[in-house]
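Throughout, a chain's letter reflects where its sequence line sits, starting with A, and its residues are numbered from 1.
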Protein chains: 2
Amino acid sequence: MKQTGQKSRPAIDQLESVFKALADKTRLRILALLGNNEVCVCHIHDTLELPQPTVSRHLAYLRRAGLVDVRRDGVWMHYQVARSLPPTAQTVLNAAVEALTGVRTTEEDRKQFERAFGQLYVMSTPAGGACCAPRA
Amino acid sequence: MKQTGQKSRPAIDQLESVFKALADKTRLRILALLGNNEVCVCHIHDTLELPQPTVSRHLAYLRRAGLVDVRRDGVWMHYQVARSLPPTAQTVLNAAVEALTGVRTTEEDRKQFERAFGQLYVMSTPAGGACCAPRA
DNA sequence: TCACTATATTCGCCTAGACGAATATTATGG
DNA sequence: CCATAATATTCGTCTAGGCGAATATAGTGA
């Protein structure tokens with residue numbers, strides 16, 4: 001029995017939505033940066049060097065499409081790639097993220113991230129520390 | 001050395017194009033119907049029960065995006081899913097087609113195809129025979 | 001060369017969604 | 001409660017691309 005409350009749309013429509021969400025360079029870069037980790041919004045837009053509203057808008061799109069999950073932590077929002085989509089959609093999403101990891105642009109984004117915030121992804125808010133350093 | 005004449009765009013842009021091409025229900029149904037086979041345009045639009053210009057327009061989009069290859073055979077055009085995209089794009093395309101095969105709508109499209117045109121996909125023009133029967 | 005068929009393209013209209021700029025919201029620390 | 005910082009939303013504008021209807025193009029066979 002399917003979970004109650006899930007007005008499961010036809011799978012073809014689900015897939016269409018997933019691909020629409022993937023059909024934008026900025027969103028692809030965001031998803032690639034998320035990878036298997038949880039990343040804070042400020043780190044995303046610092047790394048990608050995009051205006052904050054732009055990042056926020058694309059994150060909202062990804063959220064509405066169900067491709068990312070959010071966790072609030074005080075003032076900060078931590079995003080990660082969704083892990084419990086309907087199987088077919090999840091498969092496609094995983095394949096996309098996987099494919100993205102080999103791409104030049106996303107590799108450079110990751111390097112930029114490490115250069116700016118340390119060599120590892122932030123798995124949670126540093127205890128008692130600020131997430132976003134007031135860099136400039 | 002990369003092949004000459006290929007003005008290889010950045011991989012991230014290639015992927016974006018692929019996902020844009022996949023971001024439409026009609027195109028997804030077409031790609032799923034093609035699967036591993038070569039299918040004639042008339043069979044596509046008879047099967048999907050979509051207006052011929054609609055099918056043609058979407059095929060044109062897929063062609064421009066490089067997701068399908070065409071073979072002309074007299075009056076008929078036979079399409080198949082592309083097989084020699086840049087590796088990353090090809091991987092994504094394959095994953096998409098693969099994911100689509102399990103989807104209800106596309107299964108029904110295939111059944112409809114078989115009901116109308118025989119139990120197997122047309123691999124080439126039937127020798128001497130018309131591709132599209134003047135059904136109605 | 002002409003009619004016919006399969007396929008492709010064009011046109012006008014309309015909506016989704018991208019962008020930058022501005023503004024609103026939410027949580028925290030004083 | 002206020003100021004501030006992080007994040008989100010709204011607004012106006014612009015373009016890609018969807019659709020149906022009409023039309024163009026390209027092979028084929030007489």
Choosing from [options], which nucleotide comes nearest the side chain of [X]?
| X | options | value |
| --- | --- | --- |
| B:T54 | D:dT7, D:dT9, D:dC19 | D:dC19 |
| A:H58 | D:dT7, C:dC19, C:dA8 | C:dC19 |
| B:R57 | C:dA18, D:dG20, D:dA6 | D:dG20 |
| A:K20 | D:dG27, C:dG17, D:dT7 | C:dG17 |
| A:R63 | D:dT9, C:dT9, D:dC19 | D:dT9 |
| B:Y61 | C:dA18, D:dG18, C:dT7 | D:dG18 |
| A:V75 | D:dA8, C:dT28, D:dG17 | C:dT28 |
| B:V41 | C:dG20, C:dA21, C:dT7 | C:dT7 |

TODO: Hey, which sits more toward the 5' end of DNA chain C by its nearest nucleotide, A:P53 or A:R27?
DONE: A:R27

Open item on the list: Return whichever of A:A23 or B:H45 has its heavy-atom-nearest nucleotide of DNA chain C closer to the 5' end.
Closed with: B:H45

Can a donor-acceptor pair be found, under 3.5 Å and without considering hydrogens, that links the side chain of [X] to the backbone of [Y]?
| X | Y | result |
| --- | --- | --- |
| B:T54 | B:L50 | no |
| B:R27 | B:L22 | no |
| A:S17 | A:A65 | no |

Open item on the list: Taking any heavy-atom pair under 4.0 Å as a contact, classify B:R72: base, sugar-phosphate, or nothing.
Closed with: sugar-phosphate

From [atom1] of [X] over to [atom2] of [N], roughly how many Å is that when rounded to an integer?
| X | N | atom1 | atom2 | result |
| --- | --- | --- | --- | --- |
| A:D13 | D:dG18 | CG | C1' | 15 Å |
| B:H78 | D:dG27 | NE2 | P | 14 Å |
| A:W76 | D:dA5 | CH2 | C1' | 9 Å |
| A:D24 | C:dG17 | CG | P | 11 Å |
| A:Q52 | C:dT26 | CD | C1' | 13 Å |
| A:I30 | C:dA18 | CD1 | C1' | 13 Å |
| A:L50 | C:dA18 | CG | C1' | 13 Å |
| A:F19 | C:dA16 | CZ | C1' | 19 Å |

Open item on the list: If only side-chain N and O atoms count, and only distance matters, is there a donor-acceptor pair under 3.5 Å linking A:Y79 with A:R71?
Closed with: no

Open item on the list: If we count only N and O atoms by modelled type, under 3.5 Å, do the side chains of A:R110 and A:T47 hold a donor and an acceptor together?
Closed with: no

